[in-house]
Enquirer: 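Pasting a structure here, questions to come.
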Protein chains: 4
Amino acid sequence: MPKPTFFNLPDDKRARILDLAIEEFAAHGYRAASISRLVAAAGIAKGSFYQYFDDLDDLYHTLLHLGGEQKARYLQATPPPDPAMSPFDYLRWMLRGSVGFEVANPRLARIAYQALMGDGPAEGFVTEMRAALMTFYRAMLARGIEYGHLDPGLDLDAAAFVLTSTLLPLSQYLLSRIDLEPEDLVRPGGPHAAEIEALFDGLLHILEHGMGLHAPEKATHHG
Amino acid sequence: MPKPTFFNLPDDKRARILDLAIEEFAAHGYRAASISRLVAAAGIAKGSFYQYFDDLDDLYHTLLHLGGEQKARYLQATPPPDPAMSPFDYLRWMLRGSVGFEVANPRLARIAYQALMGDGPAEGFVTEMRAALMTFYRAMLARGIEYGHLDPGLDLDAAAFVLTSTLLPLSQYLLSRIDLEPEDLVRPGGPHAAEIEALFDGLLHILEHGMGLHAPEKATHHG
Amino acid sequence: MPKPTFFNLPDDKRARILDLAIEEFAAHGYRAASISRLVAAAGIAKGSFYQYFDDLDDLYHTLLHLGGEQKARYLQATPPPDPAMSPFDYLRWMLRGSVGFEVANPRLARIAYQALMGDGPAEGFVTEMRAALMTFYRAMLARGIEYGHLDPGLDLDAAAFVLTSTLLPLSQYLLSRIDLEPEDLVRPGGPHAAEIEALFDGLLHILEHGMGLHAPEKATHHG
Amino acid sequence: MPKPTFFNLPDDKRARILDLAIEEFAAHGYRAASISRLVAAAGIAKGSFYQYFDDLDDLYHTLLHLGGEQKARYLQATPPPDPAMSPFDYLRWMLRGSVGFEVANPRLARIAYQALMGDGPAEGFVTEMRAALMTFYRAMLARGIEYGHLDPGLDLDAAAFVLTSTLLPLSQYLLSRIDLEPEDLVRPGGPHAAEIEALFDGLLHILEHGMGLHAPEKATHHG
DNA sequence: TATGAATGAGCTTTCATTCAT
DNA sequence: CATGAATGAAAGCTCATTCAT
């Protein structure tokens, strides 16, 4: 938790520090991030850092929380589909939102991704978030079964694992595959919008047929 | 690339150094691994390290190559099924082999996993290996389509991505979920063999139905 | 010397600051005492400290003076015996008083003791106080000779040195030897009152016979 | 305990480092001694210090042990008097030796003195040494009683306390009183030899008469 | 080849002190 | 008078790397 001093800072200064901190962690990872480098980049005194934060860990957790809040706000900008409908519609909504946010905030996304992949301190926050993700997907799938959209014989553990493993690295994959500026990547009518939607289609098709109740006629999905 | 000096070492000494290096990287990660700690643990002189390797990066890549070779040897111990048969039989073979190897070499597996997840130096090797994995899966899937086992409309990129993302973290997931000693985990008749096979079944079912040509009668997979 | 600001403070606030300052110096010693820690404990602003004192040294000397005054007041509460009588009666009075005060104010006593033992700044104050102590004892001893209570051949320097060296650490010794709460230690009828009086007897006996004119019959002091 | 590296150093370099370390601790005390200052003075790299010692504490204890050994060697150069004789003869021997050593090694003596006075880390070594001193004096006094040199009614605790308290700071007192170069102070025929012996006489007289069995005729000690 | 002492840059952290509000 | 943000010097300590033996 940052010290009150940090929140009393002028908005632009606080924002600049956070931005450079994101830069630092994204560039060097949790373990090799350096307070010295950060304060040099930010043009503030070494001692000032400790007026704002307890230590690097404090700043790190601040960044992760910040990322979580920002992503939540971003997702809420587009209302989610009716949960009684197919969970794949829901997934598509979430997928568009997540990728949109992460492509718009690639460095912050990279930090969160690495945190969930085992970089960063092993304790608390991260472990909880991984578990929360799995739990969330399990619940979503269970609801899907209840509403008759999913195969009742589905192995929930396996399915939640597939979802987590697949969706987490998705935007990193996109960013690496399409070597473009992030902002160009997801602009609604941008040059890659079609390509991305195609990938979403392919992905969701696999998941849907892998997990869903597929009537024979639905098999001709991509005529 | 290690220097010739390293290969002239007595076998046991060379093995001990590699083993402790694995320990060091697995325990502290690529960025926080320390030559000082390693030579102290190995009981060799600081200078000797530089007789064997250029630097930590050199050793790191050596370890990754070593892991690759060992895994290849391990997999080849069990002959793969006929590639003309269902790619899911092939996948199951590979899955059993991979998980078996990684659970038998948890620290080495952890290093490789973290390397592929973005720890380690961003350059060369790692990126290549990720690409190689994707390419390998793409080829496997293409062959599956060719032989009529897979839906010809399958989005190869999406499918290869799902496979890569799902199979890479699988053994880490298993190790975390089943809180047991690694060696107990995969012993053929061990206490968790059934549980693991069930997870494999669930996983392959999803992938198979998501990607395959599913005859209607196969839908009752787990009666 | 504290600044006037300090004396204009509400009594309770001023007292609290002094009390916490005593705590700080007693706990960490002169050299490791920290303004930062003190103001944090006292809940005052960093800058406020400098409104009250020049620096840590200023506060330190204030504490020492304060201790001196308090001790003087404490001693005067019990009227000293007639100086024309044996200086050992006088010593016993002083001893009781000193030990009583120091045991009642252990942290303040500890600071003063360490100051006189060479902790603290080498300059001025401390040296003076040590010299003053010696001078005081010399005068007392000289008066004892004058009044015929002491051996006229007594080496005044040696004797004053013995007194100073012996009495200064006395209460520290008592506190360390008897592992009890300070307040229990000197309560008139307390469990250790007898033990302490016995030590006083032993001590004064040695000093008296070492320095005094001892009539043969007084040799049977502790039948 | 210093690391082996330190003992492999050339003699003169090792000696210079120890000497400057003594200087550092004597000048600034245990708590304010600084590795940075020391290495600057010694002209060695910061890192080199840590090749020799674990940390400041390690060096500090090394110095104390070194002082103890040197003093023991110094004392053994003059054979002690027969312990069956008066303990005051023994005391005089010890006193001459101690003062001689401490005046010849004033800074080392100051460090040890401050250590025994409560500077330095509270743990182990120091507490033990204080207790050892008291025990040693108690034993000496008990032997004195046994051999009939001391008053059998003597309070051993009180007496041992007087001895410890008096003799410990003696050379510090001498050094402060006689403002001379240490080496001039104890040279056998030096300008202050007589003065010092006189102080010894005075001191021992007090102790002897305070603790001893004084036959009436011995009372005329300084005729 | 093996050694391990030497090095200095770099790290995190604490500190007393100043000063604008 | 009170405040607390800003500062940079200085601390202890670790590190990879070099090099003479």
Side-chain angles (χ1 to χ4, degrees), chain A residues 3-10 13 31-40 43-59, chain B residues 3-6 8-10 13 32-40 43-57 59, chain C residues 3-6 8-10 13 31-40 43-59, chain D residues 3-10 13 31-40 43-59:
Chain A
K3 303 182 181 176
T5 314
F6 184 61
F7 297 111
N8 297 340
L9 244 36
K13 185 171 186 178
R31 300 194 120 111
S34 150
I35 293 175
S36 295
R37 216 162 22 207
L38 172 59
V39 297
I44 64 176
K46 268 261 191 57
S48 293
F49 176 87
Y50 291 91
Q51 302 267 30
Y52 307 148
F53 305 98
D54 286 330
D55 48 26
L56 255 195
D57 252 62
D58 190 11
L59 171 55
Chain B
K3 303 181 180 176
T5 325
F6 183 61
N8 295 339
L9 245 36
K13 186 172 186 179
S34 148
I35 292 177
S36 297
R37 221 167 12 214
L38 172 59
V39 297
I44 64 176
K46 217 48 159 308
S48 296
F49 178 87
Y50 290 91
Q51 304 266 26
Y52 308 148
F53 305 99
D54 286 330
D55 48 25
L56 256 194
D57 254 62
L59 170 56
Chain C
K3 303 182 180 176
T5 324
F6 183 61
N8 295 339
L9 244 38
K13 184 171 187 179
R31 303 196 118 112
S34 147
I35 293 176
S36 296
R37 215 162 23 208
L38 172 59
V39 296
I44 64 176
K46 215 63 157 299
S48 295
F49 178 87
Y50 290 92
Q51 305 262 29
Y52 307 148
F53 306 99
D54 287 331
D55 48 25
L56 256 195
D57 254 62
D58 189 11
L59 170 56
Chain D
K3 303 181 181 176
T5 314
F6 183 62
F7 297 111
N8 295 340
L9 243 37
K13 186 170 186 178
R31 299 193 121 111
S34 150
I35 293 176
S36 295
R37 217 163 22 211
L38 172 59
V39 297
I44 64 177
K46 263 265 193 56
S48 294
F49 177 87
Y50 291 92
Q51 301 265 31
Y52 307 148
F53 305 98
D54 285 331
D55 49 26
L56 256 194
D57 252 61
D58 189 13
L59 170 56

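Letters A, B, ... are given to chains in the order of the sequence lines, protein chains preceding strands, and every chain is numbered from 1. Only this structure's heavy atoms are used, side chains among them; waters, hydrogens and symmetry mates stay out.
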Enquirer: Whole angstrom is fine here: how far is it from CZ in D:R31 over to P in F:dA11?
Expert: 18 Å
Enquirer: Run C:Y52 and C:L9 through side chain to side chain contact (heavy atoms under 4.5 Å, CB included) and show every step you take.
Expert: CA-CA 9 Å; C:Y52 307 148; C:L9 244 38; 3.6 Å; yes
Enquirer: Which part of the nucleic acid, if any, lies within reach of B:K3 when heavy atoms closer than 4.0 Å are counted: base, sugar-phosphate only, or nothing?
Expert: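 The answer is nothing, as B:K3 stays clear of every strand by at least 4.0 Å.
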Enquirer: Just verifying a value: how many Å separate A:F49 CZ and A:F6 CZ, rounded to the nearest 0.5 Å?
Expert: 9.5 Å
Enquirer: How close do A:A32 and A:R37 get, counting heavy atoms only, and between which atoms?
Expert: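 A:A32 and A:R37 have their closest heavy atoms at O-NH2, 3.0 Å.
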Enquirer: Can you measure from NZ (C:K3) to CG (C:D54) and round to the nearest 0.5 angstrom?
Expert: 5.0 Å
Enquirer: Just verifying a value: how many Å separate A:Y50 OH and A:K46 NZ, rounded to the nearest 0.5 Å?
Expert: 8.5 Å
Enquirer: If each of C:A32 and B:A45 is mapped to the nucleotide of DNA chain E with the nearest heavy atom, which maps nearer the 5' terminus, i.e. the 5' end?
Expert: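 With C:A32 and B:A45 compared, the 5'-side residue is B:A45.
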Enquirer: Using a cut-off of strictly less than 4.0 Å, decide whether D:Y52 has a side-chain nitrogen or oxygen near OP1 or OP2 of E:dA5.
Expert: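 Looking at the OP1 and OP2 atoms of E:dA5, neither is under 4.0 Å from any side-chain N or O of D:Y52.
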Enquirer: So, does D:N8 get its side chain near the phosphate of E:dG4, meaning an N or O under 4.0 Å from OP1 or OP2?
Expert: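 Looking at the OP1 and OP2 atoms of E:dG4, neither is under 4.0 Å from any side-chain N or O of D:N8.
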Enquirer: Return no unless some side-chain N or O of D:S48 is found under 4.0 Å from OP1 or OP2 of E:dA5.
Expert: no
Enquirer: Between CD1 of C:I44 and NZ of C:K13, what distance do you get to the nearest 0.5 Å?
Expert: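 Nearest 0.5 Å value for the CD1-NZ distance: 6.5 Å.
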Enquirer: With respect to the phosphate group of E:dA5, does any side-chain polar atom (N or O) of D:T5 fall under 4.0 Å of OP1 or OP2?
Expert: yes
Enquirer: Could you state the CZ-C1' distance from D:F53 to F:dT14, rounded to the nearest angstrom?
Expert: 18 Å
Enquirer: Is the shortest side-chain heavy-atom distance between A:L59 and A:L38 below 4.5 Å?
Expert: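 Heavy-atom side-chain distance check passes, below 4.5 Å.
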Enquirer: Return whichever of D:G43 or B:G43 has its heavy-atom-nearest nucleotide of DNA chain E closer to the 5' end.
Expert: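 Its nearest nucleotide lies further toward 5', so the answer is B:G43.
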Enquirer: In whole Å, what is the span from the CG atom of A:D58 to the C1' atom of E:dT13?
Expert: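 About 14 Å, once rounded to whole Å.
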Enquirer: Which one is paired to F:dT17, where only Watson-Crick or G-U wobble pairs with both distances under 3.5 angstrom count?
Expert: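 Base partner found: E:dA6.
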Enquirer: Looking for any heavy atom pair under 4.0 Å, which part of the strands does B:I44 touch: base, sugar-phosphate only, or nothing?
Expert: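 The answer is nothing, as B:I44 stays clear of every strand by at least 4.0 Å.
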Enquirer: Would you classify A:L38 as touching base, sugar-phosphate or nothing, given that sugar-phosphate means primed atoms plus P, OP1 and OP2, and contacts are heavy atoms under 4.0 Å?
Expert: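 Contact class for A:L38: none.
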Enquirer: Go along nucleotides 16-21 of chain F 5' to 3' and tag each nucleotide: B for a protein heavy atom under 4.0 Å from its base, S when only backbone or sugar atoms are that close, - otherwise.
Expert: BBB---
